[in-house]
Chemist: 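The structure follows.
Positions are given from 1 along the sequence.
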Amino acid sequence: MIILPTERKSWRARLILAALYLFLTLGALTMVWPFMMMLSGSMAGRFDYHRYSPVLRALWSPEERFMRILAAFHGTFPHETFPEAPAAWGNWGALAKEPEAVAAFARPWLAGLRNPETQAAWRQMATDYADFNRAYDLHNSVCTFDERDVAPYVRQHFEELTGHQGPEAALAALNAAWRIRYNSFYGIRFRAQQRVPLHYPDWDWPVGDPKVELWHRFKGHYREQGLLYARTRPYWIAPLWQKWRRARGLEPAPFPGDDQDSAWREFVTTAYPRRLLRVEPTPELEAQWQAYLQTHCRTPAAYARLTGEPQPASLAEIRLQPYAPTALWRGFVATLPFEALTIRSPEADWQAFLQARYGTLEAIGRVYRDGQGRPLHAADWRAVPPPLAQAFAITYADCGTRLLWQDITANYRTVCDVLFLRGSAWWNTLVLVVLTILATLTVNPLAAYALSRFRLRWTEGLLLFLLATMAFPAAVTAIPGFLLIRELGLLNTFAALILPTVANGLSIFILKGFFDALPRELYEAATIDGASEWQIFRRITLPMTTPILAVNALNAFVAAYNSWEWALLVCQKQSHWTLSVWLYQMSRNFAGTPWVVMAGFVLVSIPTAAVFLLCQRVIMRGIVLPSMK
């Protein structure tokens with residue numbers, strides 16, 4: 001329908017134009033909305049990613065920011081830090097779908113931070129906890145690490161060991177030390193070390209494992225960052241004690257328990273982690289130890305096999321130690337009575353720390369405040385819990401905005417490290433795109449010009465064959481194409497990436513149709529003037545087809561830039577991988593953190609978006625011009 005200028009003022013024309021603009025606006029929103037979702041997802045974390053919202057609420061909402069940073073420190077909701085929270089809270093994705101409940105939970109803590117007196121009390125409590133945590137034994141600590149921090153830390157560690165000879169030398173040193181074959185530092189997860197059964201009575205850290213030793217150093221790295229609420233924290237035994245009592249139908253009780261309590265004595269001798277128990281060697285215990293060795297080892301060689309220690313001359317030389325990281329020692333401790341055991345726990349160490357710093361419970365009551373800002377009145381040192389929630393609240397008050405932006409930018413830093421700083425990935429992509437565009441703009445116009453200028457008997461059949469190639473998906477031609485490339489000896493070369501996409505049936509068909517529509521008089525006049533066929537093609541035909549060639553070049557750019565399946569098939573060497581292949585590999589390595597993958601999509605889409613924005617006029621001419629002809 002054509003609306004003449006004289007009809008534009010009529011109500012009918014205005015309604016039609018309004019409907020047209022509304023339709024175009026909705027069409028534009030369908031393109032902008034997914035991009036906003038991708039951009040918001042690239043700045044999200046485990047708390048707000050699964051909202052799939054086009055905007056990030058944590059940028060302006062303090063309650064959302066409070067929970068976002070809390071989620072950055074914990075894989076699931078930390079009930080040990082906030083025991084007053086609903087017991088059903090666990091998964092962050094499900095919790096983010098309850099914004100009212102989240103706001104109601106965070107609001108009292110934010111109000112306490114706005115109260116100068118309460119904030120001062122919480123700050124002192126947080127300082128006490130941080131001082132205690134920094135000095136606590138790393139072997140009985142847990143760490144809710146950020147997966148994005150693992151690879152840079154491990155790489156830096158081995159680069160220092162190799163004298164900064166480069167990532168390749170560092171990776172070779174890691175494989176030699178750990179006796180595991182890693183192709184990249186980003187394959188390291190530390191998941192097994194994070195999930196060790198610290199609660200299990202008969203478990204202890206293996207001795208001499210280099211990965212375990214680096215895991216402890218990694219935990220210490222988090223404690224050295226200066227935050228009052230660190231990712232590395234003591235493994236508290238009180239929850240294990242309460243769980244044991246609930247399983248037996250008993251009411252909760254203070255921790256540590258009373259020595260005269262039969263339940264406490266049973267818990268210590270049967271369910272307490274024996275790596276936290278100690279014994280004081282006495283003649284009676286030494287005799288029991290020797291009897292235990294004779295029963296379970298019998299020979300020095302068996303003792304060496306069981307413990308991994310050097311073989312002694314005789315079992316009589318082996319003395320009972322207060323602690324030994326061996327299954328033999330833990331098995332012996334399991335046979336001892338309660339009175340022979342010395343019990344260690346982070347709770348007892350915390351209570352000793354408070355007694356040394358404050359002296360009396362009255363002094364504690366003058367300083368400590370609960371989550372509501374009320375003074376803490378404790379009748380027993382065991383009633384003064386570690387101020388985990390207050391430490392987090394003060395950390396949020398001091399570093400909330402900085403931690404949020406660190407969490408957001410960490411996605412992009414990781415992507416830049418994986419993609420743009422990954423050897424020759426950027427250079428490979430640039431070379432591939434340039435060569436593909438040059439080959440496309442050379443082969444397709446020449447083929448279309450030949451089919452248009454020279455009337456061949458099999459022109460129609462050839463065009464039909466070219467169009468028929470578009471009927472088959474890439475997956476159908478992948479195996480024959482791979483076999484052909486292999487027979488030609490072109491695997492792991494740029495030729496394997498470029499040659500299969502040089503000639504495009506649709507491009508040749510469109511160019512031939514445009515060439516056929518050009519006036520014959522142009523060619524006749526050029527021939528009369530003495531122009532050769534090459535001059536006619538270069539000086540007359542090509543300048544008139546610039547918009548269409550631009551569209552073909554853009555299609556070639558998009559195909560070469562985004563192609564990863566074919567590139568991964570014919571180029572197995574990582575030295576030939578492009579950005580798209582590395583992005584695919586990154587999406588597998590970071591499957592558990594999809595917000596990092598979203599950041600990769602955003603960064604990788606920037607060149608394509610820039611090309612479309614800069615060349616949109618030429619693109620429109622290339623789309624409209626053939627239809628006008």
Chemist: Side chains of Pro254 and Asp380: closer than 4.5 Å at any heavy-atom pair?
Modeler: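 In short, these two side chains do not touch, never coming nearer than 4.5 Å.
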Chemist: Just by distance, do the side chain of Trp350 and the backbone of Val384 share a donor-acceptor pair under 3.5 Å?
Modeler: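 Pair found, side chain donor or acceptor close to backbone of Val384.
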Chemist: To the nearest 0.5 Å, what is the distance between CG (Asn183) and CG (Asn175)?
Modeler: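 Here the rounded value is 8.0 Å.
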Chemist: Salt bridge between Asp258 and Arg382, side-chain N to carboxylate O under 4.0 Å?
Modeler: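 Arg382 and Asp258: salt-bridged.
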Chemist: Please determine whether ring-ring contact (aromatic ring centres under 6.0 Å, His included) holds for the pair Trp329 and Phe332, giving the CA-CA distance in whole Å, both sets of side-chain angles, and the decisive distance to 0.1 Å.
Modeler: CA-CA 5 Å; Trp329 184 90; Phe332 172 72; 8.1 Å; no
Chemist: Ignoring hydrogens and geometry beyond distance, is a side-chain donor-acceptor pair present between Asn115 and Gln119 at under 3.5 Å?
Modeler: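 Judged by distance alone, the side chains do not pair up.
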Chemist: Below 30° counts as parallel, above 60° as perpendicular, anything between as tilted: where do the rings of Phe77 and Phe82 land?
Modeler: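 Correct class here is tilted.
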Chemist: Quick one: does Arg231's side chain have a donor or acceptor within less than 3.5 Å of a partner on Ala72's backbone?
Modeler: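 The answer is yes, because a donor-acceptor pair under 3.5 Å joins these two groups.
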Chemist: Taking the side chain as every heavy atom from C-beta outward, state whether Phe190 and Tyr153 have any atom pair closer than 4.5 Å.
Modeler: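 When only atoms from C-beta onward are counted, Tyr153 and Phe190 do not touch, as no gap falls below 4.5 Å.
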Chemist: Enter the distance from Phe392:CZ to Leu70:CG here, rounded to the nearest 0.5 Å.
Modeler: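 Between Phe392 CZ and Leu70 CG, I get 4.5 Å after rounding to 0.5 Å.
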Chemist: Tell me, yes or no, whether the heavy-atom count around Glu317 atom CD, taken from other residues, nucleotides or ligands under 6.0 Å, exceeds 12.
Modeler: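 Counting neighbours around CD of Glu317, more than 12 heavy atoms of other residues, nucleotides or ligands fall under 6.0 Å, so yes.
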Chemist: Cut-off 3.5 Å, side chains only: do Thr401 and Arg65 have a donor facing an acceptor?
Modeler: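 Result is no, nothing qualifies.
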Chemist: Roughly how far apart are Leu306 CG and Cys297 SG, rounded to 0.5 Å?
Modeler: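 If we round to the nearest 0.5 Å, Leu306:CG and Cys297:SG are 5.0 Å apart.
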Chemist: For Trp92 versus Gly75, what's the shortest heavy-atom pair and its separation?
Modeler: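 Minimum heavy-atom contact is CD1-O, 3.1 Å.
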Chemist: Please confirm whether the ring centroid of Trp582 lies under 6.0 Å from the ring centroid of Tyr186.
Modeler: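 No, the ring centres sit 6.0 Å or more apart.
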Chemist: Among Leu336, Leu328, Leu320, whose side-chain contact (heavy atoms from CB on, under 4.5 Å) with Tyr292 holds?
Modeler: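 Result: among Leu336, Leu328, Leu320, Leu328 is the only option passing the side-chain contact (heavy atoms from CB on, under 4.5 Å) with Tyr292.
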Chemist: Under 6.0 Å from the CD atom of Gln260, do we count more than 12 heavy atoms belonging to anything else shown?
Modeler: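 No, CD of Gln260 has 12 or fewer neighbouring heavy atoms, counting only those of other groups under 6.0 Å.
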Chemist: Side-chain contact test, heavy atoms from C-beta onward, threshold under 4.5 Å: evaluate it for Arg357 versus Val367 and give yes or no.
Modeler: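 Side chain of Arg357 against side chain of Val367, heavy atoms only: no contact under 4.5 Å found.
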Chemist: Between Asp370 (side chain only) and Leu376 (backbone N and O only), is there a donor and an acceptor less than 3.5 Å apart?
Modeler: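 Absent.
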Chemist: What is the distance from atom CD of Gln351 to atom CZ of Phe132, rounded to the nearest 0.5 Å?
Modeler: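 Gln351 atom CD to Phe132 atom CZ measures 9.5 Å (nearest 0.5 Å).
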Chemist: Is the distance between the ring centroids of Trp264 and Phe255 under 6.0 Å?
Modeler: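 Distance test on ring centres: under 6.0 Å, yes.
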Chemist: Check whether Arg265 reaches the backbone of Asp259 with its side chain - one donor and one acceptor, N or O, closer than 3.5 Å.
Modeler: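 The answer is yes, because a donor-acceptor pair under 3.5 Å joins these two groups.
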Chemist: Output, in order, the C-alpha distance, side-chain angles, deciding distance and verdict of side chain to side chain contact (heavy atoms under 4.5 Å, CB included) for Leu277 and Val268.
Modeler: CA-CA 9 Å; Leu277 297 177; Val268 170; 4.2 Å; yes
Chemist: Looking at every heavy atom in both Gln290 and Leu315, which two are closest together, and how far apart are they?
Modeler: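 Result for this residue pair: OE1-O, 3.3 Å.
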Chemist: Quick check: closest heavy atoms across Phe158 and Ala177, and the distance to 0.1 Å?
Modeler: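 Heavy atoms only, the tightest pair is CE2-CB, 4.2 Å.
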Chemist: Rounded to the nearest 0.5 Å, how far does CD of Glu280 lie from CG of Leu341?
Modeler: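 So the CG of Leu341 and the CD of Glu280 are separated by 12.5 Å.
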Chemist: Less than 4.5 Å apart, side chain to side chain, heavy atoms only: is that true for Ile394 and Tyr229?
Modeler: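 Contact flag for Ile394/Tyr229 side chains = no.
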Chemist: I'd like to know if the side chain of His79 reaches the main chain of Trp89, judged simply by a donor and an acceptor atom lying under 3.5 Å from each other, with no hydrogens or angles considered.
Modeler: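 Yes, the answer is positive, given that a donor and an acceptor are paired below the 3.5 Å cut-off.
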Chemist: So, Arg191 side chain and Ile188 main chain: donor-acceptor pair closer than 3.5 Å or not?
Modeler: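 Flag not set: sc Arg191 to bb Ile188 has no pair under 3.5 Å.
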Chemist: Tyr182 and Gly187: which non-hydrogen atoms are nearest, and at how many Å?
Modeler: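 Scanning both residues completely, I find the closest heavy atoms to be CE2-O, 3.6 Å.
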Chemist: Will you find, in the side chains of Asn411 and Arg148, an N or O donor that is under 3.5 Å from an N or O acceptor?
Modeler: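 Asn411 vs Arg148: donor-acceptor pair found between side chains.
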Chemist: Assess whether a salt bridge exists between Asp137 and Arg275, defined as any Lys/Arg side-chain N lying under 4.0 Å from an Asp/Glu carboxylate O.
Modeler: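 Not counted as a salt bridge, because no side-chain N and carboxylate O are separated by less than 4.0 Å.
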Chemist: Looking at Arg274 and Asp202, is any side-chain nitrogen of the basic one under 4.0 Å from a carboxylate oxygen of the acidic one?
Modeler: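 Looking at Asp202 and Arg274, the cut-off is met.
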Chemist: Using a 6.0 Å distance limit plus a 45 degree cone around the ring axis, check whether Arg278 lies over the aromatic ring of Tyr323.
Modeler: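 Because its charged atom sits under 6.0 Å from the ring centre and within 45° of the axis, Arg278 does stack over Tyr323.
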Chemist: Has the side chain of Glu147 got a donor or acceptor atom that lies under 3.5 Å from a matching backbone atom of Phe590?
Modeler: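 Side chain of Glu147 to backbone of Phe590: no pair is present.
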Chemist: Would you say CD of Glu251 has more than 12 non-hydrogen atoms from neighbouring residues, nucleotides or ligands within 6.0 angstrom?
Modeler: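 Atom CD in Glu251 is not crowded, with 12 or fewer foreign heavy atoms closer than 6.0 Å.
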Chemist: Is the count of non-hydrogen atoms from other residues, nucleotides or ligands lying under 6.0 Å from Arg248 atom CZ greater than 12?
Modeler: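 Result for CZ/Arg248: enclosed.
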Chemist: Quick one: sort the Trp109 and Trp122 rings into parallel, tilted or perpendicular, breaks at 30° and 60°.
Modeler: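 Tilted.
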Chemist: Do side-chain atoms of Arg155 reach the backbone of Ala170 as a donor and acceptor pair under 3.5 angstrom?
Modeler: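 It does not hold such a pair.
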Chemist: Counting C-beta onward and ignoring hydrogens, is there a side-chain heavy-atom pair between Thr326 and Glu309 closer than 4.5 Å?
Modeler: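 Contact flag for Thr326/Glu309 side chains = yes.
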Chemist: If every non-hydrogen atom of Thr270 is compared with every non-hydrogen atom of Pro201, which pair is closest and at what distance?
Modeler: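 Taking Thr270 first and Pro201 second, the nearest heavy atoms are O-CG, 3.8 Å.
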Chemist: Could you tell me whether the side chain of Leu388 reaches within less than 4.5 Å of the side chain of Pro78, counting heavy atoms only?
Modeler: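 Contact flag for Pro78/Leu388 side chains = no.
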Chemist: Once you round to the nearest 0.5 Å, how far does CZ of Arg181 lie from CG of Leu171?
Modeler: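 Nearest 0.5 Å value for the CZ-CG distance: 7.0 Å.
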Chemist: Would the distance check show the side chain of Trp244 and the main-chain N or O of Phe267 forming a donor-acceptor pair, the cut-off being under 3.5 Å?
Modeler: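 Flag not set: sc Trp244 to bb Phe267 has no pair under 3.5 Å.
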Chemist: Could you tell me whether a side-chain N or O of Asn133 sits under 3.5 Å from a main-chain N or O of Thr232, the two making a donor and an acceptor?
Modeler: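 Answer holds: yes.
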Chemist: Any idea how His216 and Trp205 line up, ring-wise: parallel (<30°), tilted (30 to 60°), or perpendicular (>60°)?
Modeler: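 Taking Trp205 first and then His216, their aromatic rings stand perpendicular (interplane angle over 60°).
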Chemist: Parallel, tilted or perpendicular, judged at 30° and 60°: which one describes the rings of Phe218 and His221?
Modeler: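 The arrangement is parallel - the two ring planes meet at less than 30°.
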Chemist: Could you check if a side-chain atom of Leu276 sits within less than 4.5 angstrom of a side-chain atom of Ile343, using non-hydrogen atoms only?
Modeler: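 Not touching, per the 4.5 Å side-chain cut-off.
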Chemist: Taking the side chain as every heavy atom from C-beta outward, state whether Leu174 and Phe185 have any pair of such atoms under 4.5 Å apart.
Modeler: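 Leu174 reaches Phe185 side chain to side chain.
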Chemist: Please find the pair of heavy atoms, one from Arg402 and one from Leu227, that lie closest to each other, and give the distance.
Modeler: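 That closest heavy-atom pairing would be NH2-CD2, 3.9 Å.
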Chemist: For Arg134, does the CZ atom have more than 12 heavy-atom neighbours from other residues, nucleotides or ligands under 6.0 Å away?
Modeler: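 Count over threshold, so yes.
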Chemist: Has Tyr200 got more than 12 heavy atoms of other residues, nucleotides or ligands less than 6.0 Å from its OH?
Modeler: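 For Tyr200, atom OH is not crowded (no more than 12 foreign heavy atoms under 6.0 Å).
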